[in-house]
**Q** 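Starting off with a structure, shown below.
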Amino acid sequence: MSISSTTSAGFRWTTSSQKSRAIQPRPLQNRESMHDFFLPVIQSALSAAGITTEKPIQIEQPSDRKFGDFSTNIALLSAKECRKNPRELAGEIVRHLQFPADTVGRIEVAGAGFINFYLTPAFIMRFAEQVLREGYDYGKGVAGKGQKAIVEYVSANPTGPLTIGRGRGGVLGDSLANLLETQGYAVTREYYFNDAGRQMQILGESVKLRYLEACGCPVDFPDTCYQGDYIRDIAGTIHAEHGSSLMDSDLLPFKNTAESIIFTSIRKTLKRLGIEHDAFFNEHTLYTPDEGGVTENQRVIDQLRAQGFIAEYDGATWFLTTKLGQEKDKVLVKSSGEPSYRLPDIAYHITKFERGYDMIVNVFGADHIDEYPDVLEALKILGYDTARIKVAINQFVTTTVDGQTVKMSTRKGNADLLDDLIDDVGADATRLFFIMRGKDSHLNFDVDLAKKQSKENPVFYLQYAHARICSLLRLAVQEAGFDEASLPEAGSLEKLTSPAEIELGFAILDYPDMVKTSLRLLEPQKMVEYLHTLAEFFHRFYQECPILKAEPDISRARLFLCLATRQVLRNGFRILGVSAPESM
RNA sequence: GUGCCCGUAGCUCAAUGGAUAGAGCAUCAGCCUUCUAAGCUGAGGGUUACUGGUUCGAGUCCAGUCGGGCGCACCA
């Protein structure tokens with residue numbers, strides 16, 4: 001369970017530990033989180049006090065630190081059960097609490113019966129030392145160790161360049177994948193697409209019409225076709241290469257060329273945001289018969305039929321969701337003989353199970369909200385453990401340009417392109433804007449605001465903290481011969497006791513729990529907020545405490561606190577996919 | 001009509017059922033001969049859309065009402 005002492009962290013830091021006056025490994029506790037630090041102690045206190053309760057022991061951080069660094073409401077929760085006054089009960093529990101030495105300094109009963117814990121400064125500062133030992137391993141956990149996870153995101157069919165709206169899911173998915181990796185999961189980032197459907201036919205048509213136009217033929221370009229300029233560009237490319245020789249060709253070469261060009265551009269755009277998928281799953285493989293001549297789609301039908309959930313009527317094949325309490329059955333195979341999108345979707349998810357994923361995360365937009373329950377129902381009927389599937393739905397993005405709210409449509413070609421946005425505000429601001437709001441909130445992307453390279457842009461606040469530390473350390477190295485790779489003497493950070501220092505130390509202590517919470521809620525946004533708090537405490541510390549100008553011992557300790565802060569910022573930035581500039 | 005999401009400060013948004021509802025931006029007042037002022041300190045700004053309910057405790061959970069978004073195809 002320990003992430004602090006004998007894990008891989010120890011190996012990673014062996015080199016620097018050896019050449020410096022290494023602090024002795026001084027594990028805090030074998031713990032996964034502060035919750036796990038408090039839990040056993042409180043449990044023992046309860047049993048020592050003869051209190052039995054069904055209620056869960058909750059460890060929370062009070063909104064105001066004057067109510068303690070951590071607190072528990074167990075006395076409030078269990079008072080009724082125990083038929084005792086909550087405060088009295090709390091007092092009994094407190095009398096039996098036994099924490100390890102020099103961890104919890106003060107315990108008090110407050111309010112209606114809260115038990116508040118105050119950590120000792122030394123305990124808090126030991127986390128900063130831990131950060132320095134562990135580096136990028138600080139905040140990692142083992143919940144996913146030995147497990148495989150797949151995160152499916154973006155999954156746009158190659159019908160056009162990525163729009164701003166698509167970016168939200170892309171960044172959300174990518175950050176979730178990063179979060180999963182911190183907890184030890186082996187993560188596959190997958191992109192699911194279909195280059196065979198109706199939309200792709202329309203794409204081929206659109207390109208061909210523009211091509212004919214380029215050849216000088218008058219064409220009537222219907223508004224069912226893709227209106228965007230990129231269609232003309234692609235047609236122009238084809239015309240430049242083939243002249244008018246394809247005028248009598250069918251749609252295929254147009255479709256194929258368009259697909260290839262568009263897919264390349266999509267991947268290029270994603271890469272600018274640091275998003276690179278490990279796997280591209282073509283839906284069409286589910287339509288391809290295996291050696292026995294059976295497709296994955298067919299297998300789904302057969303298996304659902306065996307369970308009594310398939311019927312044919314009106315010329316189509318139906319998934320009998322009415323048997324599950326829904327209002328209507330759902331078409332799986334159209335009367336044309338083609339599967340509807342639901343069928344391959346079910347088959348696709350079966351492959352995720354068959355490929356052995358323990359954790360399956362799907363990221364998609366609110367327009368798919370009605371689809372996934374059917375998929376889950378089907379999987380359940382077929383005996384798959386749908387608890388492994390986590391669905392992260394992000395609400396839509398509207399953009400505000402010149403104060404006007406714009407609704408976007410790829411078909412109409414009026415959508416703002418993700419590429420243009422990245423050109424304007426850079427990859428960091430783009431990523432941060434997408435995840436600085438909860439995924440359930442409708443995101444109002446104010447393009448004008450995002451374009452401003454000013455302090456209004458939240459990314460600068462975070463990055464500035466990092467750049468400031470780097471600048472400071474450059475000076476420390478140059479002028480005081482400070483060794484960035486060295487580690488502090490054990491306990492040397494305990495000299496730092498001012499409020500600003502303790503607050504900063506506490507924020508550092510909080511990081512591992514924040515990572516876990518963020519993943520549990522599938523909300524990278526929590527990390528943005530956390531990092532903002534961390535940066536805020538750092539800026540305050542920087543303002544109040546002279547670092548290079550303090551007396552040597554203190555100066556050195558503060559430099560290590562800076563180093564620890566920088567490391568935590570870096571770890572957090574890495575999850576969010578935001579860069580850590582050395583200077584600004 | 002119906003399913004899901006949302007409604008919190010002027011604006012954009014936070015707040016695992018907890019204690020006095022918080023940030024940023026904007027507004028106002030201070031802080032740079034001193035480690036990066038893209039920073040810090042302070043002030044003002046709220047009937048958490050509305051009405052009931054659940055309980056020690058509700059912005060949070062439940063019911064209803066109002067308002068906005070997205071779905072509700074033999075499109076994906």
**Q** Between P on B:C13 and CZ on A:R168, what's the gap in Å once rounded to a whole number?
**A** 9 Å
**Q** Tell me whether A:E205 is salt-bridged to A:K255, with the criterion being a basic N under 4.0 Å from an acidic carboxylate O.
**A** no
**Q** Evaluate A:Q199 against A:Y226 for side chain to side chain donor-acceptor pair (under 3.5 Å), listing each step before the verdict.
**A** CA-CA 10 Å; A:Q199 299 303 323; A:Y226 290 95; 3.0 Å; yes
**Q** Is the aromatic ring centre of A:F114 closer than 5.5 Å to the centre of the six-membered base ring of B:A19, with the two planes inclined by less than 30°?
**A** yes
**Q** Whole Å only: how far is the CD atom of A:E523 from the P atom of B:U60?
**A** 19 Å
**Q** Measuring only the P atom in each nucleotide, how far is B:G7 from B:A49? A whole number of Å is fine.
**A** 8 Å
**Q** Can A:F67 be called stacked on B:A19 when the rule is centres closer than 5.5 Å and an angle between planes below 30°?
**A** yes
**Q** Under 6.0 Å from the CD atom of A:E327, do we count more than 12 heavy atoms belonging to anything else shown?
**A** no
**Q** Tell me what A:S63 touches on the nucleic acid: a base, only sugar-phosphate, or nothing, going by heavy atoms under 4.0 Å.
**A** sugar-phosphate
**Q** Classify the side chain of A:Y464 versus the base of B:A38 as yes if they form a donor-acceptor pair under 3.5 Å and no if they do not.
**A** no
**Q** By nearest atom, which of the nucleotides B:U41, B:A76, B:U36 is closest to the A:L475 side chain?
**A** B:U36
**Q** If each of A:C545 and A:A316 is mapped to the nucleotide of RNA chain B with the nearest heavy atom, which maps nearer the 5' terminus, i.e. the 5' end?
**A** A:C545
**Q** Between the side chains of A:E529 and A:R437, is the shortest nitrogen-to-carboxylate-oxygen separation below 4.0 Å, so that they form an ion pair?
**A** no
**Q** Is any NZ, NE, NH1 or NH2 atom of the basic residue among A:E108 and A:R106 found under 4.0 Å from an Asp or Glu carboxylate oxygen of the other?
**A** yes
**Q** For the side chain of A:K334, starting at C-beta, report the closest nucleotide among B:C74, B:U34, B:A14.
**A** B:C74
**Q** From B:C40, B:A14, B:U36, pick the nucleotide closest to the side chain of A:Y542?
**A** B:U36
**Q** Tell me which nucleotide among B:A23, B:C40, B:U36 gets nearest to the side chain of A:H532.
**A** B:A23
**Q** So does A:S335 get a side-chain nitrogen or oxygen closer than 4.0 Å to the phosphate oxygens (OP1/OP2) of B:C74?
**A** no
**Q** Starting at atom CD1 of A:I469, determine the distance to atom P of B:A38, rounded to an integer number of angstrom.
**A** 16 Å
**Q** For nucleotides B:U60 and B:A15, find the distance between their P atoms and express it as a whole number of Å.
**A** 14 Å
**Q** So, A:D510 and A:Q61: side-chain donor and acceptor under 3.5 Å apart, yes or no?
**A** yes
**Q** Under 4.0 Å, heavy atoms only, any strand: does A:N73 hit a base, just the sugar-phosphate, or nothing?
**A** base
**Q** Where the side chain of A:R474 is concerned, which of B:U36, B:C74, B:A14 is the nearest nucleotide?
**A** B:U36
**Q** Does the ring-ring contact (aromatic ring centres under 6.0 Å, His included) test come out yes or no for A:H277 and A:Y153, once each step is laid out?
**A** CA-CA 9 Å; A:H277 289 86; A:Y153 58 109; 4.5 Å; yes
**Q** Quick one: which of B:A38, B:A76, B:U34 gets closest to the side chain of A:Y341?
**A** B:A76
**Q** How close or far is atom P of B:G7 from atom CD of A:Q395, stated in whole angstroms?
**A** 11 Å
**Q** Of the options B:G69, B:U36, B:C56, whose atoms approach the side-chain atoms of A:H442 most closely?
**A** B:G69
**Q** Would you mind classifying the nucleic acid contact of A:R437 as base, sugar-phosphate or nothing, using non-hydrogen atoms under 4.0 angstrom?
**A** base
**Q** Which way is the base of B:C32 turned, syn or anti, if we draw the line at 90° from 0?
**A** syn
**Q** Please classify the nucleic acid contact of A:E479 as base, sugar-phosphate, or nothing, using heavy-atom distances under 4.0 Å.
**A** nothing
**Q** Pull out every residue in residues 365-380 of chain A that has a heavy atom closer than 4.0 Å to any atom of RNA chain B, ordered by number, or say none.
**A** A:A366, A:D367, A:H368, A:I369, A:D370
**Q** Is the distance from the ring center of A:F482 to that of A:F560 below 6.0 Å?
**A** yes
**Q** Between B:A76, B:C6, B:G24, which nucleotide gets closest to the side-chain atoms of A:N157?
**A** B:A76
**Q** NA contact type, A:S71, heavy-atom cut-off 4.0 Å: base, sugar-phosphate, or nothing?
**A** base
**Q** Which whole-number value in Å describes the distance from A:E551 CD to B:C35 C1'?
**A** 17 Å
**Q** Using whole Å, what does the distance between atom P of nucleotide B:A14 and atom CE of A:M514 come to?
**A** 14 Å
**Q** Please determine, by modelled atom types, if A:Y530 and A:Q525 share a side-chain donor-acceptor pair under 3.5 angstrom.
**A** no
**Q** Dot-bracket, RNA chain B: Watson-Crick or G-U, under 3.5 angstrom, [ ] crossing, | other strand?
**A** (((((((..((((....[...)))).(((((.......))))).....(((((..]....))))))))))))....
**Q** A:L343 has an atom CG; how far is it from atom P of B:C74, in whole Å?
**A** 15 Å
**Q** Taking the six-membered ring of A:F506, is the NZ or CZ of A:R65 close enough (under 6.0 Å from the centre) and on axis enough (within 45°)?
**A** yes
**Q** Would you kindly give the CD-to-P distance between A:Q58 and B:A19, to the nearest whole Å?
**A** 13 Å
**Q** Give one of base, sugar-phosphate or nothing for A:L77, where a contact means two heavy atoms less than 4.0 Å apart.
**A** base
**Q** So that I can tick it off, tell me whether A:E582 and A:R570 are bridged by a salt bridge, with the cut-off set at under 4.0 angstrom between side-chain N and carboxylate O.
**A** yes
**Q** Where the side chain of A:S555 meets the backbone of A:E551, is there a donor-acceptor pair that is under 3.5 Å apart?
**A** no
